[in-house]
Amino acid sequence: MQKEARPGTGEQAKQHALVQLRQAILRGEMAPAQRLVENELAEQFGVTRASVRAALIELESEGLVERIRNRGSRVRVVTVEEAVAITECRMALEGLCAAKAAVEASDEQLAELADLGAAMTKAVADGEPVTYSELNHEVHARIREFSGQQVAVGLLERLNAQLVRHRFQLALRPGRAQQSLSEHLAMIEAISARDPQAAEAAVRVHLGSVIDALRD
């Protein structure tokens, strides 16, 4: 089978480098404070240094990369204080999405949330924190999607991307999944009851708990 060609220059090359870099950071393959050397990345992705540099500038605007004068770029370190501030913003936006989802979601979408809740319960019972973390992320993504509030969705995607390292650390903390599970089930129950006020309140309780956990 012929190897797929990778774009070397131009906007397509920049987008190729951007997607690869963003995914590597979000998957935790590139650690906070890790240096991002343009020459090495250009060779790795089969693009020019200019394409890599343009991708890094865009990732800086997303809060994933920081560019240090005369020292190049590195994966941005998000402090606990920043993570708390981001989660406070999430509280308002995700509360809005949950309230909207309680009104807008179809019966099929509510059934999908119930299935995710059941899968989360099983992951906790089976002692699978990584699986639970992935399902946790999926529940929040589905609630955002079902809300139909596209402005909030776009803002939350940018905010959540900056929290990936803290999310992994919390997921592996002993006892965290059990506490988080009841909070997510309360969110799902309120949305399924089509009670927007209760749905927003459940999200605020959950993210307040996340803030407490970040500060511990």
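Start at 1 with the first residue, then count along the sequence.
- A92 and R204 get closest at one heavy-atom pair: CA-NH2, 3.9 Å.
- Annotation for N136 and S180: closest pair ND2-OG, 3.9 Å, computed over non-hydrogen atoms.
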I143 vs H184, test: side-chain contact (heavy atoms from CB on, under 4.5 Å). Steps then yes/no.
CA-CA 11 Å; I143 292 171; H184 285 88; over 6 Å; no
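- Clustering ILVMFWY residues whenever any of their side-chain heavy atoms sit less than 4.5 angstrom apart, transitively, puts L156 in a cluster other than the one holding L135.
- Contact between S73 and L56 at its shortest, heavy atoms only, is OG-CD1, 3.8 Å.
- Put simply, CD on E38 and CD on E40 are 11.0 Å apart, with the number rounded to the nearest 0.5 Å.
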V203 vs M91, side-chain contact (heavy atoms from CB on, under 4.5 Å): CA-CA, chis, key distance, verdict:
CA-CA 7 Å; V203 167; M91 193 180 286; 5.6 Å; no
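- With sequence neighbours excluded, the residues forming a side chain to side chain donor-acceptor pair (under 3.5 Å) with E138 are R142, listed by chain and number.
- Here Q179 pairs with R176, E183, S209 under the side chain to side chain contact (heavy atoms under 4.5 Å, CB included) rule; sequence neighbours left out.
- A search for side chain to side chain donor-acceptor pair (under 3.5 Å) contacts involving T87 returns nothing, not counting sequence neighbours.
- Looking at M30, R22, E58, R158 one by one, the single match for side-chain contact (heavy atoms from CB on, under 4.5 Å) with L64 turns out to be R22.
- The hydrophobic clustering, which links ILVMFWY residues whose side-chain heavy atoms are closer than 4.5 Å, places L207 and I191 together.
- I25 is connected to F45 through a chain of hydrophobic side-chain contacts under 4.5 Å among Ile, Leu, Val, Met, Phe, Trp and Tyr, so both are in one cluster.
- Put simply, CZ on R49 and CG on N39 are 4.5 Å apart, with the number rounded to the nearest 0.5 Å.
- With rounding to the nearest 0.5 Å, the separation of CG in L59 from CG in L36 is 8.5 Å.
- Crowding of R35 atom CZ: a count of heavy atoms from other residues, nucleotides or ligands under 6.0 Å not exceeding 12.
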Go through the steps for V65 and L21 under the test side-chain contact (heavy atoms from CB on, under 4.5 Å), then give the verdict.
CA-CA 10 Å; V65 165; L21 276 166; over 6 Å; no
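- Nearest heavy atom pair, residue C97 against residue Q149, reads SG-CB, 4.5 Å.
- Judged purely by atom type and a 3.5 angstrom limit, R194 uses its side chain to pair as donor or acceptor with the backbone of A102.
- Under a hydrophobic-cluster definition in which Ile, Leu, Val, Met, Phe, Trp and Tyr are linked whenever side-chain heavy atoms come within less than 4.5 Å, directly or via other members, V84 and I86 are assigned to different clusters.
- Partners of T121 by side chain to side chain contact (heavy atoms under 4.5 Å, CB included), not counting sequence neighbours, listed by chain and number: L181, L185.
- Counting only heavy atoms from C-beta outward, the side chains of N160 and E94 approach each other to under 4.5 Å.
- Among E66, E60, Q162, the single residue meeting the side chain to side chain donor-acceptor pair (under 3.5 Å) criterion with R76 is Q162.
- Remark: side-chain polar atoms of R173 are paired, donor with acceptor, to backbone N or O of A213 under 3.5 angstrom.
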H206/H140 under side-chain contact (heavy atoms from CB on, under 4.5 Å): CA gap, chis, key distance, verdict
CA-CA 11 Å; H206 166 56; H140 284 275; 3.4 Å; yes
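- Among all heavy-atom pairs drawn from A31 and V75, the shortest one is O-CB, 3.3 Å.
- In this structure, the separation between CG on L155 and CZ on R144 is 11.0 Å, given to the nearest 0.5 Å.
- Atom CG of L214 and atom CG of L163 lie 7.5 Å apart (nearest 0.5 Å).
- Here the shortest heavy-atom pairing between A199 and A99 reads CB-N, 4.3 Å.
- The structure places OG of S133 at 9.0 Å from CE of M120, a figure rounded to the nearest 0.5 Å.
- Not a single donor-acceptor pair under 3.5 Å links the side chain of R215 to the backbone N or O of V80.
- In this structure, L96 is not a member of the same hydrophobic cluster as M187, with clusters built from ILVMFWY side-chain heavy atoms closer than 4.5 Å.
- For H166, there are no ring pair (Phe, Tyr, Trp, His ring centres under 6.0 Å) partners, not counting sequence neighbours.
- Between the E128 side chain and the T131 main chain, no donor and acceptor come within less than 3.5 Å of each other.
- Considering only residues two or more places apart in sequence or on other chains, Q20 meets the side chain to side chain donor-acceptor pair (under 3.5 Å) condition with none of them.
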